[in-house]
Each structure stands twice: as C-alpha cells, then as structure tokens.
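Reckoned from all heavy atoms, side chains included, excluding hydrogens, waters and symmetry mates. Numbers here simply count residues along the sequence, with the first being 1.
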Amino acid sequence: YKGCDRVLRALPDVRRAVGSLRYLVVGEGDDIPRLRRLAAELGMEEASKDLAESWGGKESAETFDEFKTGIGNQLSKEDSETHYNLGIAYEALGKPADAITEYDAAVKGRPGWIEAMTRYGECLAKNSEHKRSIDIFSQIIAIDPLNAPARNGIGLAYAEAGKPDE
C-alpha cells in the first residue's frame, strides 16, 4: 500500500475541489488496519469500510467496471508504470485478461522492462497462452541470459505446452 496514506491525507482537499470522489485500495495485507485508522482520523469512517471488504457481488462488479472505464479514459498508452500496477491489481482481482492487456501496454511503453515482462509472461502462462508466454520469456533471456525467473518460466511454459524437452 505504498503511498496510500499520502493519498488518504489529500482526499479531503481533492474531494472539496472536485466533488464526488471514490478512492479504491485493491489488495490484501496487514496495512489495512492502519489505513482504516487513518481514514477515521481524517473523518472518512464511511469510506474506510471499503478498505477491508472483498470484491464480490453485483455492487463490487459495477464499481470495478466504473473504475475500469474511468481509468481507461485518463490513462495514456505511454504511462507504463501505471499500466504495470493495474496489471498487478487485475491479477489480484482474478481478471487475467485485463491484467494481460495492462502488462502488454506496460511492456510496449517501456521495452526491455524485465520486471514487467516477467509478470506478463507469468500471467500469460497462467492463462494457458503458452506460445506468447514463451515469446516473452525468450525476450527476457535475450536481454539477461542468466535471468532465473525467465528461465524457470520458459521451462514451465514449454512443459505446459506439451514440449518438455524444448
């Protein structure tokens, strides 16, 4: 939840300036209680209940769709780090197709970014897109021949694709 506390502190001012505002924190972790206490200190008790609730049900799906549309309208294709972070969030939400789209944008916007390429390859493999996964891991190995996660990922992708001897 890196930086969430700073955003929470700024929200009252931002809300006064723009009106209606929703800030979503996606994920799980032991930092949730601290963020809930901070939200309560800032007079946002009602908003803080969403910090610890799971994403499930119709209302959550509608909120997520609203978020996805809003972020899509604001995000440039060149904003690789945001695309990467969205990929991580979509993976955590069990939305691999959306994660793959975001990782693809991150890698295209910042070629050679091994961390993003690794996540992209892993997500492709989990989604049974073995050929694309192998391609991504091959690109990583071309940049860094000793990259252990890429070597492991390509081996697993080949095995899953029914080509364990490759």
Side-chain angles (χ1 to χ4, degrees), residues 1-8 10-11 14 18 20-36 39 44 46-140 147 149-150 152-162:
Y1 299 106
K2 186 177 176 183
C4 287
D5 53 342
R6 290 187 302 190
V7 173
L8 285 174
L11 280 180
V14 174
V18 300
S20 179
L21 175 70
R22 187 174 225 172
Y23 179 63
L24 302 175
V25 177
V26 178
E28 302 174 350
D30 56 3
D31 206 27
I32 291 288
R34 184 183 68 82
L35 293 174
R36 291 184 82 187
M44 297 184 292
E46 183 64 26
S48 72
K49 71 179 179 126
D50 292 333
L51 288 173
E53 292 180 1
S54 65
W55 281 75
K58 185 178 181 201
E59 183 179 320
S60 295
E62 289 170 0
T63 300
F64 181 78
D65 289 341
E66 181 182 326
F67 162 77
K68 188 175 168 185
T69 300
I71 197 76
N73 292 337
Q74 297 175 31
L75 193 59
S76 75
K77 291 184 179 178
E78 294 78 33
D79 193 351
S80 297
E81 189 167 338
T82 301
H83 283 293
Y84 173 75
N85 289 330
L86 282 170
I88 293 170
Y90 287 143
E91 272 194 278
L93 291 169
K95 297 186 172 289
D98 292 322
I100 288 168
T101 299
E102 296 302 332
Y103 289 139
D104 183 63
V107 168
K108 284 180 179 171
R110 190 169 152 193
W113 185 10
I114 290 178
E115 185 179 6
M117 293 170 74
T118 302
R119 282 252 192 199
Y120 186 27
E122 290 169 348
C123 193
L124 287 166
K126 288 178 199 169
N127 209 40
S128 299
E129 295 189 41
H130 304 299
K131 183 180 182 327
R132 289 176 64 196
S133 176
I134 290 166
D135 289 343
I136 295 296
F137 287 128
S138 295
Q139 291 173 35
I140 296 170
N147 186 290
N152 184 54
I154 200 168
L156 292 171
Y158 273 123
E160 289 291 321

Locate the shortest heavy-atom distance separating [X] from [Y]; write the atom from each residue and the value.
X      : Y      : value
Ser80  : Arg110 : OG-N, 3.3 Å
Val107 : Tyr120 : CG2-CD2, 4.1 Å
Gly121 : Ser133 : O-OG, 2.9 Å
Met117 : Ile136 : O-CG2, 3.1 Å

Flag side-chain contact, heavy atom, 4.5 Å: [X] against [Y]:
X      : Y      : result
Phe137 : Glu122 : yes
Glu115 : Tyr84  : yes
His83  : Lys108 : no

Between [atom1] of [X] and [atom2] of [Y], what distance do you get to the nearest 0.5 Å?
X      : Y      : atom1 : atom2 : result
Ile134 : Glu160 : CD1   : CD    : 10.5 Å
Ile100 : Asn127 : CD1   : CG    : 4.0 Å
Asp135 : Ile154 : CG    : CD1   : 8.5 Å
Lys126 : Leu156 : NZ    : CG    : 11.5 Å
Asn85  : Glu102 : CG    : CD    : 10.0 Å
Thr101 : Lys95  : OG1   : NZ    : 12.0 Å

(message) Please check: side-chain N/O of Thr118 versus main-chain N/O of Ile114, any donor-acceptor pairing under 3.5 Å?
(response) yes

(message) Strictly distance-based, threshold 3.5 Å: is any side-chain N or O of Tyr158 a donor or acceptor partner for the main-chain N or O of His130?
(response) no

